[in-house]
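Lettering of chains follows the sequences in order, A, B, ..., and the numbering in each one begins at 1. Note that this is a predicted model, so its numbers are computed, not measured.
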Amino acid sequence: MKKTEKAKAIAKKPSTGIVLGKGSRALRLSSPVMTASGTFGYGLEFSPYMKLEKLGAICVKGLSLRPREGNPPPRTVETPCGMLNAIGLQNVGVDVFIDSKLPKLRKYKTKVIANIFGETASEYAELAKRLDDAKGVHALEINISCPNVKKGGMAFGTDPKEAARVVRAVRAVTGKHVMTKLSPNVTDIRVMARAVEDAGSDSISLINTLTGMAIDINKRRPVLTTKIGGLSGPAIKPVALRMVWEAAGVVKIPVVGIGGIVTAEDAIEFLLAGASAVQVGTANFLTPNASEKVADGIAAYMKKHNIGSVRKLVGALN
Amino acid sequence: MKKTEKAKAIAKKPSTGIVLGKGSRALRLSSPVMTASGTFGYGLEFSPYMKLEKLGAICVKGLSLRPREGNPPPRTVETPCGMLNAIGLQNVGVDVFIDSKLPKLRKYKTKVIANIFGETASEYAELAKRLDDAKGVHALEINISCPNVKKGGMAFGTDPKEAARVVRAVRAVTGKHVMTKLSPNVTDIRVMARAVEDAGSDSISLINTLTGMAIDINKRRPVLTTKIGGLSGPAIKPVALRMVWEAAGVVKIPVVGIGGIVTAEDAIEFLLAGASAVQVGTANFLTPNASEKVADGIAAYMKKHNIGSVRKLVGALN
Amino acid sequence: MKEAIIIENKALGADYFLISLKWALAPKVRPGQFVMLRVTGSMDPLLRRPFSVYNTDGDTVELLYKVVGKGTTILSSLNPGDDVDLLGPLGKGFSIPGGMLGKSRLLMVAGGVGIAPFYHLGRSIKDSDCDNLLIYGARTKRDTVVVKPFKDIGVKIKIATEDGSRGTKGLVTGLLESEMHCGDIVYACGPSLMLKAVAEMAEDKGVRCLVSLERAMACGIGVCLGCALRTVSHRPGRVLKDDRTYQMVCSDGPVFDSRDVDWDKI
Amino acid sequence: MKEAIIIENKALGADYFLISLKWALAPKVRPGQFVMLRVTGSMDPLLRRPFSVYNTDGDTVELLYKVVGKGTTILSSLNPGDDVDLLGPLGKGFSIPGGMLGKSRLLMVAGGVGIAPFYHLGRSIKDSDCDNLLIYGARTKRDTVVVKPFKDIGVKIKIATEDGSRGTKGLVTGLLESEMHCGDIVYACGPSLMLKAVAEMAEDKGVRCLVSLERAMACGIGVCLGCALRTVSHRPGRVLKDDRTYQMVCSDGPVFDSRDVDWDKI
Ligand SMILES: Cc1cc2nc3c(=O)[nH]c(=O)nc-3n(C[C@H](O)[C@H](O)[C@H](O)COP(=O)(O)OP(=O)(O)OC[C@H]3O[C@@H](n4cnc5c(N)ncnc54)[C@H](O)[C@@H]3O)c2cc1C
Ligand SMILES: Cc1cc2nc3c(=O)[nH]c(=O)nc-3n(C[C@H](O)[C@H](O)[C@H](O)COP(=O)(O)OP(=O)(O)OC[C@H]3O[C@@H](n4cnc5c(N)ncnc54)[C@H](O)[C@@H]3O)c2cc1C
Ligand SMILES: Cc1cc2nc3c(=O)[nH]c(=O)nc-3n(C[C@H](O)[C@H](O)[C@H](O)COP(=O)(O)O)c2cc1C
Ligand SMILES: Cc1cc2nc3c(=O)[nH]c(=O)nc-3n(C[C@H](O)[C@H](O)[C@H](O)COP(=O)(O)O)c2cc1C
Ligand code: FES
Ligand code: FES
């Protein structure tokens, strides 16, 4: 390739960069593709399978103040085009994360989002405080929508007032970008989206899992010991897409689309519906480099359709 | 076979009969398997493919006061393990149904449930009145949960007060069994279930479709002209099962389970979760005799596990 | 829904395949009818896929298909001996308008895989007296995968390819302009835009024209009401508004009189 | 996740199959490790399926599997030349407790398809001095599908069938009673209840016992935290409560020291 041709090729390369939010709390992503919390470990586990740098960000497994041991097994069960999980937020706790996971993660040139979960608003605030000066954490994702724990979790995610309370508590103690992750188990997602926007969230991500159930007809028992679990995977994509489209229609802050994304085509549907970025979840289990493939596929689509910047795709329905 | 052996065999044949509700409004079904409204036409279309008598009941396509032409195409799109539809309740109208469909349906030895839909509570009542003395209609299913029409529909299905108002209006004018069909697009299905029970519903059926969306990334348009449609099929089964289990836990009236049932195993999950009967929907498109197979499969399971009556399966979780 | 056993599943090039199936209901199929095929026992893809019947012979049915997505990819990977689940025959198929057979020339117009139903039709009319003609449009020479079979049954055929690599260069409509004559009956199958153009031309010339349409289908038997087509006709039993009506492509069609179709809303 | 090509997919009877795959990573597999196999490009079944590696030979890997449901049914329908997607090798596999190799006798105990990992193990230890023994339990003679391969590599084998149609009548634990001796190392794979019984017997006799466990798995690489096993050990990095700990069968196992397993909660 001659020099000028090379320059042209580079000029033509579509820009996949996207900025979520504004000012000092802007989250600058080199790609609109992130990985969803709980499906990508602490990121490091995937380095043998893909280039982590291809990702805009990694959302790590939900963190709580103290380590949590999670629910008794069985914790997962396959369903048609989906799976139910009831992990129960097993995690090493925020301190171990900061001390022993984060230093290794910092070596990778990708953003890190800490997904946090508390049983009270002040626990959320405490988590945010501890992470506020953790080097290498670029944003906090408030998980107000986990169906698999008894206290907090879902309650915060289905009541707009409670949700706003958590967001305000976190907002008050951190200068980092705050992303609030919404639960789909509500009558009107727009109400929730507006509530967390008003409370000061810099962005919203959705959807977390739909609550569901599976029964073992031979044992005549729910398969999961918790009876109910969270449904994820391609099965939920149409619901997720609808909610992202609805939420994006009523808030000004950026929206991150999650739910059943396996291919670049899936991700593009979410971008067109109004998401500024996406998270790949369950697909990481099917193909450890699924998120990388999604990122590559979006770039290829942009090239094919002559779309210079990923921003031009966001909400670009005819 | 000798006479005594035959008698024994008959005695051993498990009883699949089930009675929904009490007194004069009891709905006596020979099988817990029905077909879901909108997926089985007016029943007659399936007689070439199966024995309609195998069914406990047939729920016919949603009926409105006046004929409705439905939504512009495309009206359906496949999704992972599911489909979205936005038929828009195209139907011949209640009068044509009574005059020209019902007489033919009466010839089959199975119960007929008329699924009704109005834009106001008084339209529901008017429908119920017209059907009240229609010979061959054994129950009314109130559809307060159709996502595919602009007026009424979902609003009735997501607000417990509105739902109760519709049920009371119908209850006031009919002596027939009233089954109320709930929408899954709510934060707490138990609130809806209790509201319609208190309003006088004889039974509840759930779930109707989850609202969802699909986007054509080449045309950059929602696939459905209505943008949003109703998600059905195996994909929604875990959500449906969870909601049936939750609803059955809080009401005393019988619950009819719907959502993604394809096989007898699926149906048995619903029975164990607390449903007294089930409806087979989208599966009728995959296999026109799916409902017959489900009915046969339940009987086989009962035989294998030595369960004398289908009632013993209802809610029989260990 | 009777099981069918694959006898052969032959790649014809350019993503086309011809599949032969042993199927008890094969003798019942009339030209222009279709079947709904379930390519897998899995729930993804969930729905059956519609395919026109290309040919029948005793208890064998043949389908000509093009690989375009999930379902057809799976179908193309199946082997002789595998079984698939066929529902059909479905739809009304081509019907020769009353009394015209033998008196009118049939002008068959096919675009791409729209050629599929014409072989069966061609065989069924091959003893007619008229000088029937098939006009076959495709993108390139590679896409004209079934020319010889038509020649073998004595159907006259003219070809148009977009790049001119076989036959006339251009679209079928170009060829049609000179070939469509008063008194012909036109049967057309192919992309919607082609059908629309053919229908307009037929209307201009006052020629009867039947079109075979495609729609996303869930049930194939007229019950889901998914495959609605806006028509301007007033067949009984359908709901009207603004003088239009929805008919079902699967059960009222897939073949429609071109004058009945609301081409603005296709 | 490297693509693998099917070389052979042989029915062994009684729903068992032996599949041979050409797979670049085959040489890396250690005995007792497993792979996660994606049987279809479709989204149903969604998840990969875990299978122990039965054997490796150059760039060939062999899996012994039993058809029990959706995924294994699809797998059994695949043909030579088809490709499948393998993730692995995964898990820690069997490790010979420090310094015991060559000094202790290996007593392999297999129940049903639990035989799978032992062929690879058997081959890897076949040059050891000890008089190793495989005890193989199955329901009936028909289910004892891989006896000869073990004999061919010189592994001594004793069989128990539930109906007595081959070998001793009864469960493997019956045979074990007389075969398990102090100083042996027991490696066991099979149904949980069998493993529990074997573990108890080993504990009674003071014999080291490693068990290979199964769990529903989503990721296979330790990230979904789905395949939790309650253990009584205190390995670092795990969360404790009431002195117990969850370990992941996929990444901490699938082989565990039987004393570490909380058998009450299996
Ligand atoms: C009555 C009828 C007869 C047909 N006859 C034939 C035939 O003889 N040979 C043949 O190859 N095809 C025929 N088709 C089209 C065929 O049904 C589709 O190509 C097939 O369903 C695609 O399935 P898929 O899973 O491979 O593609 P999908 O993955 O479902 O979709 C891939 C692409 O194909 C488009 N598509 C999907 N379904 C249809 C459809 N029903 N019609 C048009 N486009 C569609 C989608 O929009 C998408 O762009 C017929 C369709 C109808 C309605
Ligand atoms: C580490 C490991 C190694 C294994 N090695 C082998 C092997 O070498 N050969 C072999 O045939 N099988 C092996 N299995 C079991 C195998 O993974 C399951 O039989 C398979 O996943 C079933 O898939 P399916 O889709 O056919 O069944 P499904 O339709 O998913 O289920 C059918 C039945 O099998 C049960 N089942 C499903 N998954 C598992 C599982 N992971 N473990 C136990 N039961 C299950 C279900 O509860 C159900 O009753 C192994 C499992 C693990 C965890
Ligand atoms: C095994 C598993 C664990 C999860 N853990 C978390 C978690 O810790 N925090 C959180 O916010 N979401 C969690 N989720 C939800 C996902 O991040 C995501 O929102 C959901 O799975 C939908 O996306 P998907 O369909 O792409 O998987 C988890 C999901 C799965 C499947
Ligand atoms: C094409 C289609 C049309 C439907 N029409 C109606 C209707 O008229 N009235 C109604 O109450 N439900 C209607 N439904 C909802 C079904 O009755 C059922 O509640 C839903 O599809 C979930 O069940 P399934 O997953 O088994 O299909 C329709 C569903 C489909 C797929
Ligand atoms: S496909 Fe269902 S009505 Fe035509
Ligand atoms: S299967 Fe995911 S952690 Fe083991």
ask   = How many angstroms lie between atom CG of A:Asn71 and atom CG of D:Leu225, to the nearest 0.5 angstrom?
value = 11.5 Å

message = Can you confirm whether D:Arg139 is buried at CZ, in the sense that more than 12 heavy atoms of other residues, nucleotides or ligands lie under 6.0 Å from that atom?
response = no

Chain D interface, residue from A:Ala235, A:Gly82, A:Gly93 that has the most non-hydrogen pairs under 4.5 Å = A:Gly82

query = How close do A:Cys81 and D:Leu46 get, heavy atom to heavy atom, and via which atoms?
reply = C-CD2, 4.0 Å

key: Within 6.0 Å of CD1 in D:Ile5, more than 12 heavy atoms from elsewhere   = yes

request  = Check step by step if side-chain contact (heavy atoms from CB on, under 4.5 Å) holds for D:Met43 and A:Lys237.
outcome  = CA-CA 12 Å; D:Met43 293 293 125; A:Lys237 197 188 76 171; over 6 Å; no

Nearest non-hydrogen partners of D:Tyr246 and A:Pro72, listed with the distance = OH-CA, 3.0 Å

key: Nearest non-hydrogen partners of A:Arg75 and D:Gly226, listed with the distance   = CB-O, 3.5 Å

ask   = Which bit of A:Thr282 comes within less than 4.5 Å of chain D, counting heavy atoms only: side chain, backbone, both or neither?
value = side chain

ask   = Measuring from D:Cys224:SG to A:Ile87:CD1, what's the distance to the nearest 0.5 Å?
value = 5.5 Å

query = Got a donor-acceptor contact below 3.5 angstrom from the A:Glu78 side chain to the D:Leu47 backbone?
reply = yes

key: Flag if over 12 foreign heavy atoms under 6.0 Å of CZ, D:Arg142   = no

ask   = Side chain, backbone, both or neither: which part of A:Val77 has a non-hydrogen atom closer than 4.5 Å to chain D?
value = neither

message = Keeping D:Arg38 on the side-chain end and A:Leu286 on the backbone end, is there a donor-acceptor pair under 3.5 Å?
response = no

task = Could you tell me which portion of A:Tyr42 (side chain, backbone, both or neither) has an atom closer than 4.5 angstrom to a non-hydrogen atom of chain D?
result = neither

inquiry  = Looking at every non-hydrogen atom in both residues, tell me the closest pair between D:Ala218 and A:Phe285 and how far apart they are.
reply    = O-CB, 3.6 Å

inquiry  = To check you understand the geometry: which heavy-atom pair defines the closest contact between A:Pro288 and D:Leu87, and what is its length?
reply    = CG-CD1, 3.7 Å

message = On a heavy-atom basis, which atom in A:Pro73 and which in D:Ala228 lie closest, and how many Å separate them?
response = CG-O, 3.2 Å

query = chain A: which of D:Lys265, D:Met36, D:Lys70, D:Arg49 shares the most heavy-atom pairs with it under 4.5 Å?
reply = D:Arg49

ask   = Do other residues, nucleotides or ligands put more than 12 heavy atoms under 6.0 Å from the CD atom of D:Glu203?
value = no

